[in-house]
Amino acid sequence: MTEVLNTLVLGSGPAGYTAAIYAARANLAPVVLAGRQPGGQLTITTEVENYPGFPHGVMGPQMMEMFKEQAERFGTVVHAEIGIKVDLKQRPFTVWTDNEQVFKTRTLIIATGASAQYLGLPNELALQGRGVSACATCDGFFFKNKNVYVVGGGDSACEEANFLTKFASKVHLVVRRDSLRASKIMQQRALDNPKIEVLWEQNVTDVFDREAGSVNGLELTHTRTGAKKRVPADGLFLAIGHKPNTELFAGLLDMDDKGYLKTVPGRTAMNIPGVFACGDVQDSFYRQAVTAAGSGCMAAIEVERWLEANHTA
């Protein structure tokens, strides 16, 4: 493309599409590069019941289609492409895609999200949304009176296990070591909860499903002895961390030690003027669709004001 865009949005989850909606309504004619997972993590979720405005819930993929439709209604152009290279040292910024397109833009909104880390089991990804989840807050409600397993030994795992006890009849915390890595207070909460059983020195090495295609069992392998056993299970929750999708910006933008983009406190602005980040790519704490959408709105408003201040809109 030879045209210089006012703003280019990388990513198409709640943050990216909300940023596009606000930017489009400000007549900035945004372009969205939808990325590897168009619609973001909600496309691998079944029913979303905690997003305001959907009193009866909505399927994750359907919800993201609605976000996309709303963004396009105001003139957003969406490309099913991935940014593979960026030049943020010269203005306008340049982004190259996997489809050999080149975009030049005055401002850049990064909404590439974060990906939950999985165990890498063959059946694991096939059962996402059908018993396998990486978000207890999102999906815990669907496991009322169920027998579930949580993998992990850090704060997130203990927090997810405690949260799931509000719904599940029994929660098993699978820890590959003989101790927890979580903070003392989080450890104590998990160990004191009568509905949580900690399985020490165990790894989940397989996930089984019934004919209907939902989880009905796991294979556990002892980390020292190698002894294997099959256990009944209705759900498997992964709490072994998230990885922000920031490889593209390594060495270019400020990041924390986990790779999350570091914005100006309370804002979405990055260390390079004209670059903004929103959603899970800069949020390791909340990781919710509604907070991602809120930060997408913030990014678009900051873009509009930045362009006005620099007389380039």
Side-chain angles (χ1 to χ4, degrees), residues 1-35 37-43 48 50-55 58-83 86 91-93 95 97 101 103-113 261 263-264 266-270 272-283 286 288-313:
M1 289 183 65
T2 55
E3 173 194 2
V4 177
L5 304 173
N6 283 317
T7 193
L8 179 67
V9 181
L10 300 183
S12 57
Y17 276 140
T18 302
I21 290 167
Y22 273 78
R25 283 175 50 81
N27 293 323
L28 298 181
V31 169
V32 172
L33 299 187
Q37 192 175 50
Q41 294 187 70
L42 282 184
T43 57
V48 179
N50 56 2
Y51 199 93
F54 297 94
V58 60
M59 298 301 287
Q62 179 190 3
M63 183 181 183
M64 294 321 302
E65 276 299 314
M66 295 167 75
F67 270 60
K68 179 174 183 275
E69 182 181 342
Q70 189 171 357
E72 290 179 327
R73 173 190 165 200
F74 295 112
T76 300
V77 176
V78 180
H79 292 271
E81 298 179 52
I82 303 163
V86 297
R91 296 182 184 279
F93 303 134
V95 177
T97 79
Q101 283 209 76
F103 291 89
K104 292 191 176 293
T105 183
R106 297 183 178 95
T107 63
L108 184 66
I109 297 176
I110 302 169
T112 49
L261 296 181
T263 60
V264 173
R267 300 259 309 278
T268 66
M270 292 295 306
I272 295 178
V275 179
F276 305 85
C278 54
D280 288 5
V281 76
Q282 53 85 51
D283 172 22
Y286 295 106
Q288 297 298 304
V290 69
T291 52
S295 67
C297 162
M298 293 165 60
I301 290 172
E302 288 189 65
V303 161
E304 183 182 6
R305 292 177 181 174
W306 190 90
L307 288 169
E308 288 175 352
N310 288 272
H311 309 291
T312 54

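Numbers here are sequence positions counted from 1.
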If I compare all heavy atoms of [X] with all of [Y], which pair ends up nearest, and what's the gap?
| X | Y | answer |
| --- | --- | --- |
| Val32 | Ala20 | CG2-CB, 3.7 Å |
| Ala277 | Val281 | CB-CG1, 4.2 Å |
| Ala80 | Ala34 | CA-CB, 4.2 Å |
| Met64 | Ser12 | CE-O, 3.8 Å |
| Pro92 | Val4 | CB-CG1, 3.8 Å |
| Arg106 | Phe93 | O-CE1, 3.6 Å |

Q) Is there a donor in the side chain of Thr268 and an acceptor in the side chain of Thr263, or the other way round, less than 3.5 Å apart? A)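 No.
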Side-chain heavy atoms of [X] within contact of [Y], under 4.5 Å:
| X | Y | answer |
| --- | --- | --- |
| Leu108 | Thr7 | no |
| Ile272 | Arg91 | yes |
| Tyr286 | Asp280 | no |
| Phe103 | His79 | yes |
| Val31 | Val9 | no |
| Thr76 | Pro30 | yes |

Pair up each side-chain donor or acceptor in residues 290-299 with any protein partner under 3.5 Å, not counting sequence neighbours, and list the distances.
from	atom 1	to	atom 2	distance (Å)
Thr291	OG1	Gln288	N	3.4
Thr291	OG1	Gln288	O	2.9
Ser295	OG	Gly279	N	2.8
Ser295	OG	Ala292	O	2.9

Q: Using the side-chain contact (heavy atoms from CB on, under 4.5 Å) rule, take Val95 and Leu8 through it: C-alpha gap first, then chi angles, then the decisive distance, then the call.
A: CA-CA 9 Å; Val95 177; Leu8 179 67; 3.7 Å; yes
Q | side-chain contact (heavy atoms from CB on, under 4.5 Å) between Met63 and Tyr51, worked out | A | CA-CA 10 Å; Met63 183 181 183; Tyr51 199 93; 3.0 Å; yes
Q: May I ask you to check whether over 12 heavy atoms, not counting those of Tyr22, lie within 6.0 Å of atom OH?
A: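 Open: at most 12 neighbouring heavy atoms sit under 6.0 Å from OH of Tyr22.
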(Q) Does Asn6 form a side-chain contact (heavy atoms from CB on, under 4.5 Å) with Leu307? I'd like the steps, not just the answer. (A) CA-CA 8 Å; Asn6 283 317; Leu307 288 169; 4.0 Å; yes
Would you give the length of the straight line joining atom [atom1] of [X] to atom [atom2] of [Y], rounded to the nearest 0.5 angstrom?
| X | Y | atom1 | atom2 | value |
| --- | --- | --- | --- | --- |
| Phe276 | Leu261 | CZ | CG | 13.5 Å |
| Arg25 | Glu304 | CZ | CD | 10.5 Å |
| Gln282 | Met270 | CD | CE | 9.0 Å |

Q | Leu10 vs Ile109, side-chain contact (heavy atoms from CB on, under 4.5 Å): CA-CA, chis, key distance, verdict | A | CA-CA 6 Å; Leu10 300 183; Ile109 297 176; over 6 Å; no
(Q) Enumerate the side chain to side chain donor-acceptor pair (under 3.5 Å) contacts for residues 59-69, please, sequence neighbours excluded, ordered by first and then second residue. (A)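 Sorted pair list: Lys68-Glu72.
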